[in-house]
Amino acid sequence: MNQLIRHGISANLRFVPELDPTFFPIGRYNRAFLSTAAKRVAIAVERTDGQIAAVHTRIHGTPDRTEADCYYIDRLVKTLLWMKGGYKIYTDDADTASFLRSLYCKGGKREFDWDFMSSVFEQPFEIVLTHTVPESCDTPQAIGGHWDGCRIGLDAGGSDRKVSAVVDGKTVYSEEVVWFPKSHIDPDYHYNGIVAALQSAAAHMPRVDAVGVSSAGVYINNRTMRASLFLQVPQEDFSAKVQDIYIRAITDTFGEVPYRVINDGDVSALAGAMCLRDTSVLGIAMGTSEAAGYVDEAGHLTGWLNELAFVPVDVSNSAMRDAWSQDIGCGVNYFSQESVIELATRAGIPWESDMSAAEKLKVVQKHMAEDDPRAVKVFQSIGIYLGHTLAYYYELYVCRHVLLLGRVMSGKGGDLILATCQKVLQGEYPELNGKIALSLPDETFRRIGQSATAASLPSLT
């Protein structure tokens, strides 16, 4: 057993990553924290569409536990914001409200999150102290599964874009094209690439009845609110040319046809639900970043952000730091190629100085294919991260299935991550045995594909 301590809160772990022995899973920290907390606190996060995520929790409320209380509230609110999304936080505790106002402001520790959520929801960020915190309110929607007519599905990722032409549910054409959206300043580069993909698919059908788009980023009402694909585009060009980039590309090319643009994580989960022929699916893609999507018990998409890349998973004070948000301990550094690269460096795997992140990942995977013990430690460590974190994600989503996707999960490395993760769940969280099933994409999923699934998003009626 390994004992880990943070802010006076301790927990014992059986499974600790060899390459990251200070890793302290947030789920275990929270359990230990709540076991001695007695003061009731309510917190809710509200979106502009009326959705509300409310939590009734506890803190200690004593001077000797102020630091632990603040840390717990900080991580809890950050989790709610990036899982559900929102611009307004309610609480019934004055000290909690004061603390959150010091975090979510210009110059505050969570300035990145404050600015991001304000931009996404196009509202000033607020902290509201109230005696009556609103209760949870969700508005899930039945999206996808429409296969009638001649459809185009586009999946726009950070390193390639895939497009499919689908006629009455049958994929008649697909192509994959490498592009570099994250490094281009001119949004016309992105627009022209999107249009080229749409035209390529259209050339293989007699007409175009509908277009569905799966894209990395945050999308509300088919508009791009924030997305790493357009990371280098200046703000003035983003507002003028990126927010409606998919809408313009579709209507400029095909006129007024039905369309739908949603986050690629949700499309992954939707494709997984179709393949599994079941509902309650959490899809997690480990690639350039960590992307996620969720299909609920009714088979609906929730409209939540599901940006698990920014949800905290490690409470260690030496946790890995995200270069974009500057926060530490968030999913992007544990479930992406960045994690593989960092752990491989610790394991002593060398790089060529001019290698890209994708090339470095391939190097580690090649070492893993040859059973290099250094690479084995890398993927075992990620498997331990994942086992502990899925137990936490289960508390958030209560999902029956977890579909594991992305380049990091390919090959022998992905198999080792899965096997190690299952060991951690069985050995450390036996209460979850039989409640959650893990799977990798099968041939059915690969045949349907994310771009083909995107084609099914809009209804013709």
Side-chain angles (χ1 to χ4, degrees), residues 1-2 12-21 23-28 268-269 272 275-276 278 280-287 290-292 308 313-314 320 331 333-344 346-349 361-395 397 399-446:
M1 282 284 186
N2 252 40
N12 294 316
L13 298 184
R14 290 180 58 194
F15 293 89
V16 177
E18 184 176 347
L19 296 174
D20 190 2
F23 173 69
F24 193 164
I26 191 169
R28 297 303 294 272
S268 293
C275 292
L276 294 167
D278 201 356
S280 189
V281 177
L282 176 64
I284 301 173
M286 304 183 207
E290 179 191 11
L308 297 186
V313 300
D314 181 8
M320 290 184 271
N333 292 109
Y334 297 78
F335 307 114
S336 72
Q337 64 188 18
E338 295 302 321
S339 178
V340 175
I341 293 165
E342 171 62 29
L343 294 174
R346 296 181 188 183
I349 294 177
L361 173 62
K362 288 180 180 178
V363 167
V364 185
Q365 290 174 327
K366 183 175 183 295
H367 281 283
M368 184 65 217
E370 298 166 353
D371 296 318
D372 185 325
R374 297 172 298 179
V376 168
K377 290 179 183 178
V378 169
F379 292 105
Q380 279 180 335
S381 293
I382 294 174
I384 292 173
Y385 289 153
L386 186 62
H388 287 296
T389 302
L390 286 185
Y392 179 56
Y393 287 169
Y394 183 82
E395 294 177 9
Y397 289 93
C399 50
R400 278 197 307 279
H401 301 278
V402 175
L403 184 65
L404 300 170
L405 311 154
R407 290 188 297 273
V408 173
M409 290 302 302
S410 63
K412 292 178 73 172
D415 293 339
L416 182 55
I417 289 173
L418 180 61
T420 306
C421 173
Q422 289 172 324
K423 280 185 183 178
V424 174
L425 285 171
Q426 291 164 6
E428 199 100 46
Y429 305 94
E431 68 276 11
L432 295 182
N433 288 347
K435 292 184 178 180
I436 182 170
L438 312 184
S439 58
L440 298 174
D442 60 10
E443 287 307 312
T444 305
F445 183 92
R446 293 187 179 97

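Positions are given from 1 along the sequence.
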Taking only residues two or more places apart in sequence, or in another chain, which ones meet Phe379 in a ring pair (Phe, Tyr, Trp, His ring centres under 6.0 Å)?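 Checked Phe379 against ring pair (Phe, Tyr, Trp, His ring centres under 6.0 Å); zero matches.
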Let me confirm one number: the [atom1]-[atom2] distance from [X] to [Y], rounded to the nearest 0.5 Å.
X: Leu386; Y: Ile284; atom1: CG; atom2: CD1; answer: 6.0 Å
X: Leu416; Y: Gln380; atom1: CG; atom2: CD; answer: 5.0 Å
X: Tyr429; Y: Tyr394; atom1: OH; atom2: OH; answer: 14.5 Å
X: Asp20; Y: Met320; atom1: CG; atom2: CE; answer: 5.5 Å

Nearest atoms (heavy-atom pairs only) where [X] meets [Y]:
X: Leu343; Y: Tyr385; answer: CD2-OH, 3.6 Å
X: Val378; Y: Ala347; answer: CG2-CB, 4.3 Å
X: His388; Y: Pro25; answer: CB-CB, 3.6 Å
X: Ser280; Y: Cys399; answer: OG-CA, 3.2 Å

Please determine whether the number of non-hydrogen atoms from other residues, nucleotides or ligands lying under 6.0 Å from atom NZ of Lys423 exceeds 12.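 Counting neighbours around NZ of Lys423, 12 or fewer heavy atoms of other residues, nucleotides or ligands fall under 6.0 Å, so no.
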Looking at Ile417, Asp415, Leu403, which hits side chain to side chain contact (heavy atoms under 4.5 Å, CB included) with Leu440?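 Going through the options one by one, the only one that passes is Asp415.
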Any residue meeting salt bridge (Lys or Arg N to Asp or Glu O under 4.0 Å) with Lys435, in chain and number order, not counting sequence neighbours: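 Lys435: no salt bridge (Lys or Arg N to Asp or Glu O under 4.0 Å) contacts found.
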Identify, with sequence neighbours excluded, every residue that meets salt bridge (Lys or Arg N to Asp or Glu O under 4.0 Å) alongside Arg400.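 Partners of Arg400 by the salt bridge (Lys or Arg N to Asp or Glu O under 4.0 Å) criterion, ordered by chain and then number, come out as Asp278, Glu297.
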